[in-house]
Amino acid sequence: MLTTHTLGFPRIGSQRELKFAVEQFWRGEQDEAGLNATGRELRLRHWQWQHAAGLRFVAVGDFSYYDQILDTTVLLGAIPKRFGFDATQLSRSQYFELARGNAAQPACEMTKWFDTNYHFLKPEFDHDTRFDGGPQWLLDELQEATQAGFQAKVQLVGPLTLLKLARVQGIDALSLLPRLLPAYVRLLRQLAAEGCNWVQLDEPILGLDLDSHWLNAYAPVYRELAEAHPGILLTTYFSGVAEHAELLKSLPVAGLHLDAVRAPQQLGAFGDWPAGKVLSVGIVDGRNVWKTDLDAALDKLTPLYHRLGDNLWIGSSCSLLHVPVDLDQETRLAEEIKDGLSFAQQKLAELATLSRALCLGRSVCFQALEQNRAALTRYRTLPARNDAAVARRLANLPEIERGLSYGERALLQRERLKLPLLPTTTIGSFPQTNAIRAQRGAYKRGELSQADYTRAMQAEIAHAVSRQEALGLDVLVHGEAERSDMVDYFAEQLAGVAVCQHGWVQSYGSRCVKPPMIWGDVSRPVAMTVEWTRYAQSLTSLPMKGMLTGPVTLVQWAFVRDDKPRAEVANQMALALRDEVAELDAAGIAAIQIDEPAFREGLPLKRADWPAYLDWAVTAFKLSAAGSRPETQVHTHMCYSEFEDILPAIAAMDADVITIETSRSAMTLLDAFGDFRYPNEIGPGVYDIHSPRVPPVTEMTTLLEKALKVIPAERLWVNPDCGLKTRAWPETEAALINMLAATRQLRQRLAAGTAASLSAASVATAAHVHEGECCGPRGE
Ligand SMILES: Nc1nc2c(c(=O)[nH]1)N[C@@H](CNc1ccc(C(=O)N[C@@H](CCC(=O)N[C@@H](CCC(=O)N[C@@H](CCC(=O)O)C(=O)O)C(=O)O)C(=O)O)cc1)CN2
Ligand SMILES: [Zn+2]
């Protein structure tokens with residue numbers, strides 16, 4: 001049979017077993033042996049599934065107790081010096097300290113894995129990083145798989161991708177190659193000696209716009225690696241690599257993997273793939289949950305099979321880490337929607353069927369193919385996939401501009417909100433305590449009535465409001481107690497969107513999300529947040545922010561139908577949100593925040609595709625926001641910084657206020673906002689919410705002083721980096737007390753004329769804004 005494989009299987013467990021075991025270990029409720037036992041059980045179970053489905057290889061090296069990139073760094077012995085750990089003796093607890101920080105050291109930096117919602121831990125390298133003496137984990141796992149009778153393909157992130165993604169201080173990352181390569185060579189030799197015939201080296205950076213400096217490194221690096229191991233499969237995914245076809249054909253590796261889902265057209269550039277080398281075609285979507293159209297896949301694969309024979313491999317387009325584990329667990333999903341779905345388990349079976357059909361002929365798999373065809377036909381013809389009312393609204397899009405310019409709106413909003421200089425606010429969520437989750441769990445299981453659940457959540461909202469009033473915040477939030485998640489909550493209420501019971505996907509460490517599935521045309525049958533917000537506002541005379549997740553983020557953090565352009569789906573989402581905005585506005589809510597934390601992450605891998613994305617993303621945001629009156633203040637929030645290169649688009653969104661994550665970068669991001677002369681109001685986060693650490697007042701005054709150098713006081717807000725849902729109340733209150741103390745100090749200095757902002761330049765800029773003019777470039 002043709003070789004079938006995945007580029008990795010989800011490790012979290014169909015019941016999130018790994019999450020619970022890891023969290024128990026952190027709480028001291030489980031020892032290392034117990035944690036290891038869960039890990040082993042999960043690995044064996046997942047290998048068993050892959051084997052039973054008929055895959056030739058099981059994936060080894062995709063397992064991790066926190067993050068597989070951190071594991072690679074550790075494996076190579078390249079632990080950041082600042083922790084003072086011995087790489088050869090690294091304990092499980094120390095491993096978690098790298099990921100989560102400890103009393104003395106902040107955690108390794110966490111950032112998004114390309115355009116996914118998965119976060120990896122950035123390797124930290126410097127001029128004297130050594131790559132030697134890591135632990136034996138990978139070899140142990142290989143042995144585990146071999147002893148259990150499986151054929152293993154080991155996977156590792158490739159050296160160039162590892163370097164490119166690393167935080168490298170003060171030196172050129174590539175200058176580390178002479179030290180890094182021998183470590184890979186050593187590891188590859190060990191794997192070969194252990195009888196591992198195939199090693200998958202992931203090089204997804206090949207899908208980015210790489211400069212020649214990096215591209216030129218591929219040939220010498222892979223020449224050396226190929227000498228160390230004869231079975232290297234170089235894997236690319238998330239984007240096409242056709243532009244590097246000549247280079248890739250010339251590398252001495254044994255095989256190459258291409259993502260034929262994201263970039264099917266690239267196969268053409270590999271039409272003359274050298275005989276004798278493996279070409280692995282990623283035909284089953286690792287980034288989405290839709291059933292593979294087996295007929296279409298076979299049409300595409302058949303000519304390749306005729307040419308390449310057994311050197312054609314078929315696999316998932318990328319690791320299955322990004323999709324939920326098992327569709328069969330979803331007992332409440334409508335059968336008609338399940339007709340269109342396939343999770344990790346089901347994708348294994350699809351690969352096996354494709355392989356059989358190619359080798360033995362379609363008639364041998366007649367039944368499986370017929371079932372696939374029938375299910376897809378039923379699913380594709382569901383009437384709700386094409387809603388005439390939605391189509392009419394799309395054909396007749398309403399105005400996306402707010403009517404007045406920012407400067408004019410700001411005057412009206414100042415009049416209405418009467419906020420002090422440097423207004424203080426938070427990003428939306430307050431701690432999601434176990435008590436809150438337990439109440440929601442009971443409600444979902446039918447053990448708590450809707451009325452009782454509503455009362456319980458109202459009590460949480462009242463608590464959050466009274467805490468904020470006591471702290472002295474200026475613009476309040478209701479705290480999002482009633483939301484399981486900022487995406488899931490909206491998805492549950494929108495037509496055309498389905499949510500799972502168990503469809504968990506790892507987001508970072510032990511944290512998971514349940515991405516909804518946008519399978520039909522999207523509309524809003526009923527108001528989603530208005531009652532909760534109205535209730536929260538009734539408790540206070542201070543302004544209460546309405547809190548919505550924006551259209552780009554709702555799309556980016558969902559599984560999106562692939563029969564309509566994302567731009568169109570985003571506009572459908574935006575129209576639904578626009579109605580919500582208008583209703584909040586009509587209910588007297590004076591400030592409405594439309595969160596877009598995934599705005600940056602949605603950027604395509606290739607810059608050439610950026611303008612089209614930014615164009616539809618900005619349009620969708622504006623479409624949702626323009627349902628408000630000019631005297632209503634529209635906020636947006638973005639975390640996951642690195643906005644430097646998309647500032648014009650962010651300005652073009654024209655939110656009255658943007659809150660951003662800046663504290664971890666010590667506000668360097670703000671320089672970019674300053675240089676660009678960001679025209680509207682801005683709240684640079686003054687403390688990191690990802691850690692329980694309570695920052696001292698002086699730390700925040702320093703950051704605010706810095707901010708005042710580039711943002712005039714009249715347009716500066718004070719807030720944390722992001723929502724507080726993952727924190728506990730004690731540290732939350734302590735940090736906010738300090739934040740408010742820092743704000744008071746700055747206000748006093750401003751009043752006394754001793755703060756930076758009263759420099760002539762910033763006063764002049766602020767004055768322009770008062771006159772209703774916007775400065776700085778706009779638009780894309
Ligand atoms: N979608 C999304 N993506 C995002 C973010 C985000 O907030 N949402 N933020 C960033 C990532 N940050 C994250 C921060 C926290 C969590 C997180 O805490 N996740 C929770 C699950 C949150 C959730 O949906 N909770 C539900 C279900 C909770 C649950 O497990 N319930 C139990 C039952 C509980 C009980 O009865 O006591 C069950 O289903 O088994 C709820 O509150 O209702 C977790 O892993 O534990 C995830 C991502 C980027 N990407
Ligand atoms: Zn955020």
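Read the numbers this way: they start at 1 and go in the same order the structure lists the ligands and their atoms.
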Metal environment of the Zn ion (ligand 2), protein N/O/S under 2.8 Å: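 Under 2.8 Å from the Zn ion (ligand 2) - ignoring waters, which are not counted - the protein N, O or S atoms are H637 NE2, C639 SG, C722 SG.
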
Side chain to side chain donor-acceptor pair (under 3.5 Å) against D656, all qualifying residues, sequence neighbours excluded: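 D656: side chain to side chain donor-acceptor pair (under 3.5 Å) contacts with R402, R409, Q413.
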
Residue portion contacting ligand 1 (non-hydrogen atoms closer than 4.0 Å) for I436: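 Neither; no heavy atom under 4.0 Å.
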
Sub-4.0 Å heavy-atom approach of Q501 to ligand 1: no

Hey, which atoms in ligand 1 end up nearer than 4.0 Å to a heavy atom of [X]?
X: N117; result: 3 (N), 4 (C), 49 (C), 50 (N)
X: V487; result: 1 (N)
X: G441; result: 36 (O)
X: T726; result: 14 (C), 15 (C)
X: K725; result: 6 (C), 7 (O)

Pair F559 and W290, ring centroids less than 6.0 Å apart: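 Distance test on ring centres: not under 6.0 Å, no.
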
Exercise: do S64 and D71 side chains pair donor with acceptor under 3.5 Å: yes

Nearest protein heavy atom with distance in Å, relative to atom 49 (C) of ligand 1: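 Ranking protein heavy atoms by distance from atom 49 (C) of ligand 1, first comes Y640 OH, 3.0 Å.
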
Nearest protein heavy atom with distance in Å, relative to atom 28 (C) of ligand 1: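 In this structure, atom 28 (C) of ligand 1 has R437 CD, 3.8 Å as its nearest protein heavy atom.
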
For [atom], which candidate among [options] provides the closest heavy atom?
atom: atom 2 (C) of ligand 1; options: W557, Y443, Y508; value: W557
atom: atom 33 (C) of ligand 1; options: R445, E480, M486, K444; value: R445
atom: atom 47 (C) of ligand 1; options: S507, S429, C512; value: C512
atom: atom 31 (N) of ligand 1; options: R16, R440, Q556; value: R16
atom: atom 46 (O) of ligand 1; options: K19, Q506, R511; value: K19

Nitrogen or oxygen atoms of D488 and ligand 1 under 3.5 Å apart: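 No, no N or O pair falls under 3.5 Å.
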
Test of proximity, H119 against ligand 1: N or O pairs below 3.5 Å: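 No: no nitrogen or oxygen of H119 is under 3.5 Å from one in ligand 1.
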
